[in-house]
Amino acid sequence: MAEGEVKLEESWKHALGPEFSNPYMSELRRFLVAEKEAGKRIFPKGSEYFRALDLTPLDEVKVVILGQDPYHGFGQAHGLCFSVRPGVRAPPSLVNIYKEMETDLGIPPARHGCLEHWAEQGVLLLNSVLTVEEARAASHQGKGWERFTDAVIRAVNDECDGVVFILWGSYAQKKAAFVDQQRHLVIKSAHPSPLSAHNGFLGSRPFSKANAYLQSIGKDPVDWRLPEQV
């Protein structure tokens, strides 16, 4: 995956350019090409692998929310963690995110699951792994994406100031363990999955905490309310 072949928002291309000339990215590209040639359906589509970066330029990042893998059901994933395309029912973790947002901020649940409005305001919705095979959860783990997304987090940590890292679950907390808490706010809780949401996610109030911090350092808060889809 050479840099010249990748369509990527310019601030990220500048920060992550060295990654694309690294052998692990070439190996990752070969793996993805081979999977497609074998007739496997990969989500999201290629033009959306870097959708989170394209919607949230590096110099505009205010909040980072870390996920693990794209949704592996047909028509769900579109490059933003926890988000699904308009018209697709909100998955269980997102339903719990909406529940917590209502408790925290009084915002009723959206009737859709598309979080692009957050991304456009500086909320980087980053999965650790950016592709998956249909109906095979975690099928692209360990192929190189984790190293690339580590570089994304490191770029935010090093080049931005006053970013809120919202880390739901042990996986996200381990992945971003190196974040400088002198420069950034780290909010940790259980994962919103139905398996763990009652162990500390529900009632954690991440949205109001994030906005209070942003305002305390002179940044505009995030409007977490999602507009109705046309």
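Annotation: side chain of E100 is not in contact with side chain of P192 (no heavy-atom distance under 4.5 Å). Residues R30 and E27 form a side-chain contact, since some pair of their non-hydrogen atoms from C-beta on lies under 4.5 Å apart. Counting heavy atoms from C-beta on, the side chains of V222 and N211 come closer than 4.5 Å. Between I42 and Y49, the closest side-chain pair of non-hydrogen atoms falls below 4.5 Å. Residues I187 and Y213 have side chains not in contact (no heavy-atom distance under 4.5 Å, counting atoms from C-beta outward).
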Inset, instruction - Kindly determine whether L167 and V179 satisfy side chain to side chain contact (heavy atoms under 4.5 Å, CB included), including the steps that lead there. - result: CA-CA 11 Å; L167 307 178; V179 168; 6.0 Å; no
Inset, instruction - Evaluate the criterion side chain to side chain contact (heavy atoms under 4.5 Å, CB included) for residue pair V156 and L58; output intermediate values, then yes/no. - result: CA-CA 7 Å; V156 174; L58 176 58; 3.9 Å; yes
Inset, instruction - Test side chain to side chain contact (heavy atoms under 4.5 Å, CB included) on L8 and D54 and set out the steps. - result: CA-CA 6 Å; L8 191 62; D54 290 336; 4.0 Å; yes
Inset, instruction - Go through the steps for K143 and T131 under the test side-chain hydrogen bond (donor to acceptor under 3.5 Å, both in side chains), then give the verdict. - result: CA-CA 10 Å; K143 304 298 183 182; T131 57; over 6 Å; no
Legend entry - Audit row: V63, L214, side chain to side chain contact (heavy atoms under 4.5 Å, CB included) steps and yes/no: CA-CA 9 Å; V63 177; L214 292 170; 4.1 Å; yes
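Relative orientation of the W118 and F207 rings is tilted, given thresholds of 30° and 60° on the angle between their planes.
F31 and M25 fall within the same hydrophobic cluster, where Ile, Leu, Val, Met, Phe, Trp and Tyr residues are linked whenever their side-chain heavy atoms come under 4.5 Å apart, directly or through other members. Side-chain heavy atoms closer than 4.5 Å link hydrophobic residues (I, L, V, M, F, W, Y) into clusters, and following such links, possibly through other members, connects L124 to F165. Residues L185 and L105 share a single hydrophobic cluster, defined by chaining ILVMFWY side chains whose heavy atoms lie under 4.5 Å apart. Connection of L226 to V95 is not established within any shared hydrophobic cluster, with ILVMFWY side chains joined at heavy-atom distances below 4.5 Å, either directly or through further cluster members. A chain of hydrophobic side-chain contacts below 4.5 Å, direct or via other Ile, Leu, Val, Met, Phe, Trp or Tyr residues, connects V64 to V186.
The CG atom of L53 sits 7.5 Å away from the CG atom of L130 when rounded to the nearest 0.5 Å. Atom-to-atom distance recorded for K188:NZ and S204:OG is 14.0 Å, nearest 0.5 angstrom. A distance of 13.0 Å separates CG of D150 from CH2 of W145, quoted to the nearest 0.5 Å. Rounding to the nearest 0.5 Å gives a distance of 15.5 Å between CZ of R136 and CZ of R41. To the nearest 0.5 Å, the span separating CG on L55 from CD on E116 amounts to 5.0 Å. A distance of 9.0 Å separates CD1 of I107 from CH2 of W224, quoted to the nearest 0.5 Å.
K175 contributes no side-chain N or O that, together with a main-chain N or O of T149, makes up a donor-acceptor pair within less than 3.5 Å. Looking only at distances, no side-chain donor or acceptor of H72 sits under 3.5 Å from a matching main-chain atom of A138. Within the 3.5 Å criterion, the main-chain N or O of V61 finds no donor-acceptor partner in the side chain of T56. Judged purely by atom type and a 3.5 angstrom limit, H184 uses its side chain to pair as donor or acceptor with the backbone of N157. Not one N or O on the side chain of K209 forms a donor-acceptor pair closer than 3.5 Å with the backbone of V164.
Closest approach of S128 and Y171 over heavy atoms only: OG-OH, 2.9 Å. Nearest heavy-atom pair, G75 versus F43, reported as atom, atom and distance to 0.1 Å: N-CZ, 4.5 Å. Annotation for A15 and P18: closest pair O-CD, 4.0 Å, computed over non-hydrogen atoms. Annotation for P108 and R225: closest pair CD-NH1, 4.2 Å, computed over non-hydrogen atoms. The minimum heavy-atom distance between S189 and W168, with the atom names listed, is OG-CD1, 3.1 Å. Listed here is the closest heavy atom pair of D104 and S208: OD1-OG, 2.6 Å.
The salt bridge (charged side-chain N to carboxylate O under 4.0 Å, His left out) search around K40 returns E35, not counting sequence neighbours. Judged as a salt bridge (charged side-chain N to carboxylate O under 4.0 Å, His left out), and not counting sequence neighbours, R147 has no contacts. With sequence neighbours excluded, the residues forming a side-chain contact (heavy atoms from CB on, under 4.5 Å) with A151 are L16, E19, listed by chain and number. Residues meeting the side chain to side chain donor-acceptor pair (under 3.5 Å) test with E146, sequence neighbours left out: none.
Residue pairs satisfying the salt bridge (charged side-chain N to carboxylate O under 4.0 Å, His left out) criterion with at least one member in residues 151-161, sequence neighbours excluded, are listed as follows: D161-R183.
Side-chain contact check for D223 and Q121: no donor-acceptor pair (N or O, by modelled atom type) lies under 3.5 Å. A donor-acceptor pair shorter than 3.5 Å cannot be found between the side chains of S196 and H191.
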For residues 80-90, dump all side-chain donor-acceptor pairs below 3.5 Å to protein atoms at least two apart in sequence or in another chain.
unit_1: S83; atom_1: OG; unit_2: H78; atom_2: NE2; d: 2.7
unit_1: S83; atom_1: OG; unit_2: G113; atom_2: O; d: 3.3
unit_1: S83; atom_1: OG; unit_2: L115; atom_2: N; d: 2.9
unit_1: R85; atom_1: NH1; unit_2: E48; atom_2: OE2; d: 3.4
unit_1: R85; atom_1: NH2; unit_2: E48; atom_2: OE1; d: 2.8
unit_1: R85; atom_1: NH2; unit_2: A77; atom_2: O; d: 3.4

